[in-house]
Amino acid sequence: MVEKYPLGHACADVFSFESTGDVREYHVIIHAEADGRSFQQQLDAVLDGYRELQQGVLNGAVAVFKRYFLSDIANQGADVLLADTSDCAKSIIGQSPLDGSKVALWAYLMTGVTTRQLPSGLFEVCHGTLRHLWNASAHNTAKNSEYQTRLLFNEYIMQLAQERCTLADNCMRTWLFVNDVDVNYPGVVAARNKVFFTQGLTEDTHYIASTGIGGKGIETQVMTQMDTYAIDGIQRQQVRYLYAPTHLNRTSDYGVSFERGTAIDYRDRRHVLVSGTASINNKGQIEHPKDVVSQTRRMWSNVEALLSEAGCTYDDVAHMIVYLRDIADYSTVKQLYDERFPDKPRVFVLAPVCRSGWLIEMECMAVKAQNAPDLPAF
């Protein structure tokens, strides 16, 4: 179910999921009004609106993950860190909201769970026999994007080891934000390929759902910033990787190592994590070069095929994040989304895709009720 809420000088779209289990989950996207007010005023409006929702319609749910999209992270990122002291993984990324505001927020919340930060640095979300492990805004200042990415993964592997987990068995999702993506993305790819190979992740086993996209960190020396999600206690039969071969090729065909999507089954629900997806065909070629309208429609078709493989439709999608290379395409793309997905929680941000010919990319997450009594509860 999706509801819209006016929140003073902000507004929110809220997707809620409730099933037979005792964990209710919410995906919330809050937009500040693009009314010319200062960043601090817009941030206050977003945070005040968030607290109003949390205390009211969200039934006291706790945040398990947040992402702030900022228009000028070098001048705004530290203010977000000071203003939001909530105990969850917080991703702070320089990707300008395209509605003209200075800040937007995606917040993922749940009821019936406990949260804390672990000595490893990861954030734990507990319910039943499973532990969901989140991390956000990991970065370093090594000399180039390849070294930075390699160090990020190596540190993450050590954090997982402290929690008796591994990259191959437990990591479900990564996000890699690359400053000057046209220049630095090849280094990210090279580092990830090498690390994955050492961890037993190959085209014959599996990779990890991921988005690799343009984005800036607070420090100008940061070329790669990473967010991650893993599950301790997950069973192999709960996880299925999505390929949609009629629409998409394997990423390994063009030297990249990530899965197009991942479906995770629990006793009462299925989560579908769709990686960053663009206008590509099953030969690995860009479809409809220089045509953002046709690229958008092909991208939708690709995502729809991945969702269908997981037994879902767009009706099950909890939120969408839409990345555009060219700010001039925003009004055109927004109109397309307004016509097809008028009520879906979403945010449009300025973020170049990893291949310059791709004008648009989107990622999403879907949640669908199911009854699988032999599986662990969420």
Side-chain angles (χ1 to χ4, degrees), residues 1-18 23-35 37-73 75-117 123-125 132 134-137 175 218 227 229 317-322 343-349 363-365 367:
M1 182 175 68
V2 177
E3 298 285 347
K4 295 181 179 292
Y5 297 93
L7 301 167
H9 289 282
C11 63
D13 297 318
V14 179
F15 172 95
S16 60
F17 175 85
E18 183 176 5
V23 175
R24 182 181 299 175
E25 57 183 289
Y26 300 94
H27 290 256
V28 179
I29 293 185
I30 303 179
H31 305 268
E33 285 185 357
D35 55 4
R37 295 183 310 144
S38 70
F39 170 75
Q40 190 60 56
Q41 289 172 319
Q42 292 191 28
L43 178 61
D44 289 344
V46 168
L47 292 175
D48 289 345
Y50 172 82
R51 285 187 287 267
E52 180 182 335
L53 285 173
Q54 190 180 33
Q55 295 164 9
V57 299
L58 302 186
N59 300 297
V62 297
V64 301
F65 184 78
K66 292 180 180 177
R67 180 171 296 144
Y68 287 91
F69 306 91
L70 304 181
S71 63
D72 181 8
I73 191 169
N75 289 301
Q76 300 163 349
D79 293 337
V80 175
L81 289 172
L82 286 172
D84 187 339
T85 57
S86 56
D87 192 19
C88 73
K90 289 184 286 291
S91 175
I92 300 172
I93 192 66
Q95 293 176 331
S96 298
L98 285 172
D99 60 2
S101 64
K102 296 177 181 292
V103 56
L105 170 64
W106 162 40
Y108 184 20
L109 303 96
M110 295 178 181
T111 62
V113 299
T114 60
T115 63
R116 62 171 177 150
Q117 187 172 19
F123 287 84
E124 175 191 79
V125 180
H132 302 263
W134 292 87
N135 198 33
S137 295
W175 292 262
I218 295 175
D227 299 344
Y229 170 51
V317 169
H319 76 275
M320 301 171 169
I321 301 174
V322 184
D343 300 317
K344 193 64 65 179
R346 61 180 182 260
V347 60
F348 300 90
V349 294
E363 65 176 73
C364 64
M365 178 176 173
V367 190

Intermediate values then yes/no, side-chain contact (heavy atoms from CB on, under 4.5 Å), His9 and Gln41: CA-CA 9 Å; His9 289 282; Gln41 289 172 319; over 6 Å; no
Shortest non-hydrogen contact from Cys364 to Val317? CB-CG1, 3.9 Å
Any chance you could measure Leu7, atom CG, to Arg51, atom CZ, to the nearest 0.5 Å? 11.5 Å
Is the backbone of Asp72 close enough, under 3.5 Å, to the side chain of Gln76 for a donor and an acceptor to pair up by distance? yes
Rounded to the nearest 0.5 Å, what separation is found between the CZ atom of Phe17 and the CE atom of Met110? 10.5 Å
Which heavy-atom pair separates Leu53 from Val28 by the least distance, and what is that distance? CD1-CG1, 3.9 Å
Using the six-membered ring wherever Trp is involved, compare the ring planes of His27 and Tyr108 and label them parallel, tilted or perpendicular (cut-offs 30° and 60°). parallel
Does Ile73 form a side-chain contact (heavy atoms from CB on, under 4.5 Å) with Val80? I'd like the steps, not just the answer. CA-CA 9 Å; Ile73 191 169; Val80 175; over 6 Å; no
State, with a plain yes or no, whether a side-chain heavy atom of Val57 is found less than 4.5 Å away from one of Tyr26. no
Between Gln42 and Lys102 (side chain of the first, backbone of the second, donor and acceptor by atom type, cut-off under 3.5 Å), is there such a pair? yes
Any donor-acceptor N/O pair, Thr115 side chain to Val64 backbone, under 3.5 Å: no
Closest heavy-atom pair and its distance - Ala136, Ser91: CB-N, 3.5 Å
Let me confirm one number: the CG-OG distance from Leu47 to Ser86, rounded to the nearest 0.5 Å. 9.0 Å
Would you say the side-chain atoms of Tyr50 and Asp84 include a donor-acceptor pair closer than 3.5 Å? no
Let me confirm one number: the CE-OH distance from Met365 to Tyr229, rounded to the nearest 0.5 Å. 6.5 Å
Which atoms form the tightest heavy-atom contact between Ala32 and Asp99, and what is the distance? O-OD2, 4.2 Å
Got Lys66 and Cys88 here, is their nearest side-chain heavy-atom distance under 4.5 Å? yes
Between Asp227 and Ser137, which heavy-atom pair has the shortest distance, and what is it? OD1-N, 2.7 Å
Distance in Å, Leu109 CG paired with Arg24 CZ, rounded so as to fall on 0.5 Å steps: 12.5 Å
Short side-chain to backbone donor-acceptor contact, Gln54 and Val62, under 3.5 Å: no
Would you call Val349 and Ile93 a side-chain contact if the rule is heavy atoms closer than 4.5 Å? no
Mark yes or no for whether Asp13, through its side chain, and Lys4, through its backbone, hold a donor-acceptor pair below 3.5 Å. no
Using the rule given for side-chain contact (heavy atoms from CB on, under 4.5 Å), can you reason through Val113 versus His132, listing the C-alpha separation, both sets of side-chain angles and the distance that settles it, and then say yes or no? CA-CA 10 Å; Val113 299; His132 302 263; over 6 Å; no
How many angstroms lie between atom CD1 of Ile218 and atom CG of Leu70, to the nearest 0.5 angstrom? 8.0 Å
Do Phe69 and Val347 touch side chain to side chain, with heavy atoms closer than 4.5 Å? yes
Nearest heavy atoms of Ala10 and Ala45, plus distance in Å: CB-O, 3.8 Å
Would you sort out whether Glu52 and Tyr5 count as a side-chain contact (heavy atoms from CB on, under 4.5 Å), showing the intermediate values? CA-CA 10 Å; Glu52 180 182 335; Tyr5 297 93; over 6 Å; no
For the aromatic rings, using the six-membered ring if either is Trp, is the centroid distance between Trp106 and Phe65 under 6.0 Å? yes
